[in-house]
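Since the structure comes first, as structure tokens, the remarks are kept for the end.
Below, chains carry the letters A, B, ... as their sequence lines are ordered, and counting in each starts from 1.
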Amino acid sequence: MKQHLHTLFTRALAQLQAQRVFPENITVDIRLERTRDTRHGDFACNAAMVLAKAAHIRPRDLAERIIEQLPTNDEFIAKVEIAGPGFINVFLTQTAYYTVINDILTAQQAYGHSQLGAGQTVMIEFVSANPTGPLHVGHGRGAAYGAALANLLIVAGFKVHKEYYINDAGRQMDILATSVWLRYLELCGETLAFPLNGYQGDYVWDIAANLHREQGDAFRHSAPVVFENISPEIVKADDLEKLMDALIERSQQLLGFTAYRLFFEKGLEIILEDIRGDLEQFGVVYDEWFSESRLSTNNTVAKAIEQLKAGGHTYEQNGALWFRSSAFGDEKDRVVVRENGQFTYFASDIAYHLNKLERGFDHIINIWGADHHGYVPRVKAAITALGADANRLTILLVQFASLFRGKERLPMSTRSGEFVTLRELREEVGRDAARFFYIQRKSEQHLNFDLELAKSQTKDNPVYYVQYAHARISSVFRRLREKNQTWYHNQATLKRLETDREQALLFTLSRYPEVIESAAHAYEPHQLIYYLRNLAQDFHTFYDDDRHIILVDDEQLRNARLSLIATVQQILRNGLTIIGISAPEVM
RNA sequence: GCCCUGGUAGCUCAGUUGGAUGAGAGCGUCUCCCUCCUAAGGAGAAGGCCAGAGGUUCAAUUCCUCUCCAGGGCACCA
């Protein structure tokens, strides 16, 4: 509908431009907005006020000229009037609303799809947690948000590629492998001081136990030997990272390449399988799992750094190779090759982004935890230095989620292994509630996730509120069958929908395509959540109004109301599906 | 110190690509509503100097600057 009006206004203004009412070199960007007050009609256009200056005409007079150019016999426009400082208010006809019902019932699950994306490709990378432990509730938010955003973009006409980047090549993975080995040694009967900065979680024991079952004591070394060259002073000096590095080196030395890789791969494999299964059960699936190690295998990192070097964007200092990112807006330069010859994490990140660019996506979206925001300028700098347009990359930051049980805040600390996993969260509150709560808030807002509320089965809980509206409608249709009545849709009957409650529903329904476009454009699935709550509320209000029993004896009225609620149900289902929540028939 | 993100009703949060006499929702509080398709629901009331101060213009909660408050980030870690 909005689209339709937009076309009419564009045409009207083009005609005025042709008549030299205002200069031709002015770009006319028509903005049609929903009015806040129904007395101002359905849509308002402020073009007259915006263009008044350029046209040297008073806003209200210009509005007059614009209206003259609008068709007078459009079946969707009831009237057009000028108001306030020069707003052009458009009032829609009932036919316009009835058409919405027809359209929804015809298009069904495809209703609300838009051409905003025009087939452009988008790669969206999200979660990408290090495979060093199970996903926690913070990752859950990124997962829910990323998946919903991907669905939203698909519906808005983009071709979407969802990707998980597996950080399986860095030092963290070595820490994991070493942690597993140390636990394994303990299972062999060794007594040792497990490093405080190793991975403490129980899952490390599980992996070690798995290996111990398969391999027995084959890789046992005595604890004193393992810690032989590792001076206690290091620990005393509290330099835990140095201790860790020494232990990693020691385990590689004692185990040899093949055996070390066994521990490394086992940990990776088990954890990755856990993550993958966890996400799948959360309803989050990917098109591709992209492994970081693939980059080093293919020398992509080296090539990317070479490319920077060739472009003259690097220099050597203190034995390290630096990327001059400050020349592209970063606050300081960054090391890409360390003194010891190893690439930094940033270096492989540059390579990964180069790889993304080379795959030719029109848009690249990264969803990161807000704590990574400091990386945004350097990654964009790298893209620019590599000769690409940094605007192709959009980095969306998601704030962390704090868990509450009622008033009590639950502690979260990843390193110590003291955290609530996504799996535990799902088991406690269920997938639907988890996804709803995650997406309910704007992503850059801190999220307080109340487990009690998410579990409650009352109207306090917005998940149930929306789902219940859907189930209630199913229930009406079940009742219809029980009474051996049938429903057929006929637009002619819709004029029987004349109460305020019914009109309110028609109005809310008509906004759906606009909400989809707006939410997709702003990358804000929470807009859709708010809309669905709104629609559910309008429905419950309608449903509970005692004058509005749906299955009335009057066949025409009954069919009209059934058409109306069938439409509501379709939109609820479409919206819930985008967010990744089920639409139950019974509750 | 520098850089991000927020600061809207008692609580949790929408809204703002600047708009039209009174700024919205849910929860909580207070009043009501099941002989009726699920009350996992509905109707109504109270509740606000949109953190503060300046500026930009026809118009600012929305844009700019400064201040205050909260959270996060500032590694040859990932």
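Shown here, B:U31 forms a base pair with B:A43; the pair counts as Watson-Crick or G-U wobble because both key distances fall under 3.5 Å. Pair assignment for B:C50: none, as no Watson-Crick or G-U wobble contacts are both less than 3.5 Å. Base pairing of B:C37 is not made with any nucleotide, judged by Watson-Crick or G-U wobble geometry with both donor-acceptor distances under 3.5 Å. With a 3.5 Å ceiling on both atom-pair distances, the Watson-Crick or G-U wobble partner of B:G6 is B:C69. Across all strands shown, nothing is found opposite B:G22 as a Watson-Crick or G-U wobble partner with both distances under 3.5 Å. Figure legend. B:G1 is base-paired to B:C74; pairs are counted as Watson-Crick or G-U wobble with both atom distances under 3.5 Å.
For A:Glu125, the salt bridge (charged side-chain N to carboxylate O under 4.0 Å, His left out) test picks out A:Lys356, with sequence neighbours left out. Under the rule for a salt bridge (charged side-chain N to carboxylate O under 4.0 Å, His left out), A:Glu517 has no partner lying at least two apart in sequence or in another chain. Legend: residues meeting salt bridge (charged side-chain N to carboxylate O under 4.0 Å, His left out) with A:Asp554, ordered by chain and number and at least two apart, are A:Arg496. Every residue was checked against the ring pair (Phe, Tyr, Trp, His ring centres under 6.0 Å) condition with A:Phe9, not counting sequence neighbours, and none meets it.
Remark: A:Arg141 is not positioned above the aromatic ring of A:Tyr145, lacking an NZ or CZ atom under 6.0 angstrom from the ring centre and at most 45 degrees off the axis.
Atom name P, nucleotides B:A43 and B:C34: the rounded distance is 15 Å, in whole Å. A gap of 45 Å separates the P atoms of B:U67 and B:C30, to the nearest Å. One C1' atom belongs to B:U17, the other to B:G54, and the distance between them is 24 Å to the nearest Å. Spacing of C1' atoms, B:C50 relative to B:A45, comes out at 23 Å, to the nearest Å.
Taking only side-chain nitrogens and oxygens, A:Gln537 comes nearer than 4.0 Å to OP1 or OP2 of B:G26. One finds no side-chain N or O of A:Asn318 lying less than 4.0 angstrom from the OP1 or OP2 phosphate oxygen of B:C76. For A:Gln445, a side-chain nitrogen or oxygen approaches OP1 or OP2 of B:A14 to under 4.0 Å. For A:Tyr543 and B:C36, the shortest distance from a side-chain N or O to OP1 or OP2 is not below 4.0 Å. Dashed line: the shortest gap from a side-chain N or O of A:Arg472 to OP1 or OP2 of B:A39 is under 4.0 Å.
As a whole-Å value, the separation of A:Glu524 CD from B:C13 P is 16 Å. Summarising the geometry, the separation between NE2 on A:His526 and C1' on B:U12 is reported as 14 Å, rounded to the nearest angstrom. To the nearest angstrom, C1' of B:A25 lies 15 Å from NZ of A:Lys442. Rounded to a whole Å, the OH atom of A:Tyr531 is 18 Å from the P atom of B:A25. A:His540 places its NE2 atom 19 Å from the P atom of B:C34, with the value rounded to the nearest Å. Taking atom CG of residue A:Leu528 and atom P of nucleotide B:A14, one finds them 15 Å apart after rounding to whole Å. Computed from coordinates, the A:Tyr530 OH to B:U8 P distance equals 14 Å when rounded to whole Å. Distance A:Gln527 CD to B:A25 P: 18 Å, rounded to the nearest Å.
Not one N or O on the side chain of A:Thr394 forms a donor-acceptor pair closer than 3.5 Å with the backbone of A:Asn366.
The side-chain heavy atoms of A:Leu425 and A:Leu403, taken from C-beta on, include a pair separated by under 4.5 Å.
Here the straight-line distance linking atom CD1 of A:Ile67 with atom NZ of A:Lys79 works out to 11.5 Å at 0.5 Å rounding.
Heavy atoms of A:Ala471 sit under 4.0 angstrom from at least one base atom.
For B:C34, the base adopts the syn conformation, since its glycosidic angle falls within 90 degrees of zero.
Under the 3.5 Å distance criterion, with hydrogens and angles disregarded, no donor-acceptor pair is assigned to the side chains of A:Trp368 and A:Ser128.
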Please tabulate the protein-to-nucleotide N/O contacts below 3.5 Å involving nucleotides 17-23 of chain B, giving atom names and distances.
from	atom 1	to	atom 2	distance (Å)
B:U17	O4	A:Arg31	NE	3.1
B:A20	N6	A:Asn89	OD1	3.1
B:A20	N1	A:Asn89	OD1	3.0
B:A20	N1	A:Asn89	ND2	3.0
B:U21	O4	A:Arg39	NH1	3.2
B:G22	O6	A:Arg39	NH2	3.1

Might you list the N or O atoms of the protein lying below 3.5 Å from N or O atoms in nucleotides 70-75 of chain B, with each pair's distance?
from	atom 1	to	atom 2	distance (Å)
B:G71	O2'	A:His446	NE2	3.4
B:G72	N2	A:His373	NE2	2.9
B:C74	O2'	A:Glu331	OE2	3.2

Pair A:Tyr468-A:Tyr464, ring pair (Phe, Tyr, Trp, His ring centres under 6.0 Å): steps then yes or no: CA-CA 6 Å; A:Tyr468 184 47; A:Tyr464 288 98; 9.5 Å; no
